[in-house]
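Quick notes on the structure that follows.
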Amino acid sequence: MKQFKDKDMQLLLGRVLRAGTVISVSIVFFGGIIYLYRHGHSVADYSVWKGIPGFIQNAGSLIKGAFDLRGQAIIQLGIILLIATPIIRVIFSTIGFVLEKDYMYTGISILVLLIIFISMMSGHAG
């Protein structure tokens, strides 16, 4: 087995970011087409606040809505994937630093993942 090098790591991270972006944009585009097909003729009534539809308020109903081909749910899943792409990059970076036996950057990457995880669980941004 050949040695894992820094160049290999950079290529892998570039591919992860590119693939995540292209896939998420494609999902949002597909959801947008479905949404416009079903609701493109509707006139928006801004005098009444409707809030977030119930089918995109939690993960289970969001996934069910996407399988039911509801445009808003598909768009929301694409946006979630777009947000998750840099987090996936940090995970791959951590794995790469472990393979390179670069323990300082492994620790920094794990710290970044912990900060992201704590922020997600606490509901505070920044």
Side-chain angles (χ1 to χ4, degrees):
M1 183 175 173
K2 76 174 197 168
Q3 186 71 9
F4 188 76
K5 305 229 189 256
D6 190 44
K7 184 178 179 183
D8 300 327
M9 173 75 165
Q10 296 302 322
L11 288 172
L12 177 66
L13 293 176
R15 288 180 183 149
V16 166
L17 288 173
R18 240 178 279 138
T21 303
V22 168
I23 291 169
S24 62
V25 167
S26 300
I27 291 170
V28 169
F29 185 73
F30 177 68
I33 289 172
I34 291 174
Y35 182 78
L36 287 176
Y37 176 74
R38 292 189 179 160
H39 304 286
H41 60 281
S42 302
V43 178
D45 181 15
Y46 295 112
S47 64
V48 178
W49 174 255
K50 295 181 182 175
I52 300 172
F55 63 89
I56 60 173
Q57 289 185 357
N58 61 49
S61 60
L62 180 67
I63 292 171
K64 183 182 180 318
F67 280 118
D68 292 341
L69 294 179
R70 298 186 81 160
Q72 287 177 309
I74 296 171
I75 292 169
Q76 187 74 18
L77 280 177
I79 291 171
I80 289 171
L81 178 62
L82 186 63
I83 293 169
T85 299
I87 298 169
I88 295 168
R89 181 201 185 277
V90 174
I91 292 168
F92 274 86
S93 295
T94 305
I95 294 169
F97 292 137
V98 168
L99 292 175
E100 291 177 355
K101 297 182 179 162
D102 191 345
Y103 300 116
M104 184 174 80
Y105 285 110
T106 300
I108 292 171
S109 297
I110 290 172
L111 179 65
V112 168
L113 286 172
L114 283 172
I115 291 170
I116 291 169
F117 180 73
I118 291 168
S119 296
M120 286 180 0
M121 293 299 116
S122 70
H124 297 290

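The figures that follow rest on heavy atoms only: side chains count, while hydrogens, waters and symmetry mates do not.
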Using every non-hydrogen atom in the two residues, find where Gly78 and Ser24 come nearest and quote the distance to one decimal. O-CB, 3.3 Å

Going by the rule side-chain contact (heavy atoms from CB on, under 4.5 Å), which residues pair with [X] if we only count those two or more places apart in sequence or in a different chain?
X: Tyr35; answer: His39, Gln72, Ile75
X: Leu62; answer: Ile56, Ala73, Gln76, Leu77, Ile80
X: Phe30; answer: Ile34, Leu69, Ile74
X: Leu17; answer: Thr85, Arg89

For Asp102, give me all partners under side chain to side chain donor-acceptor pair (under 3.5 Å), at least two apart in sequence or on another chain. none

Sorted by chain and number, sequence neighbours left out, side chain to side chain donor-acceptor pair (under 3.5 Å) with Thr21 holds for none

Separation between [atom1] of [X] and [atom2] of [Y], rounded to the nearest 0.5 Å:
X: Ile83; Y: Met120; atom1: CD1; atom2: CE; answer: 10.5 Å
X: Leu13; Y: Arg18; atom1: CG; atom2: CZ; answer: 10.5 Å
X: Leu81; Y: Ile88; atom1: CG; atom2: CD1; answer: 6.0 Å

Mind jotting down which residue pairs meet the salt bridge (charged side-chain N to carboxylate O under 4.0 Å, His left out) criterion with at least one end in [range]? Sequence neighbours excluded, please.
range: residues 70-86; result: none
range: residues 32-59; result: none
range: residues 56-66; result: Lys64-Asp68
range: residues 72-81; result: none

Consider side-chain contact (heavy atoms from CB on, under 4.5 Å). Of Ile33, Ile79, Ile23, which one does Val28 pass it with? Ile79

For Val25, the rest of its hydrophobic cluster, which grows through side-chain links under 4.5 angstrom: none

Please list every donor-acceptor pair under 3.5 Å in which a side-chain atom of residues 107-118 meets a protein atom from a residue at least two apart or in another chain.
from: Ser109; atom 1: OG; to: Tyr105; atom 2: O; distance (Å): 2.9

Treating Ile, Leu, Val, Met, Phe, Trp and Tyr as nodes and any side-chain heavy-atom pair under 4.5 angstrom as an edge, say whether Met121 and Ile91 lie in one connected cluster. yes

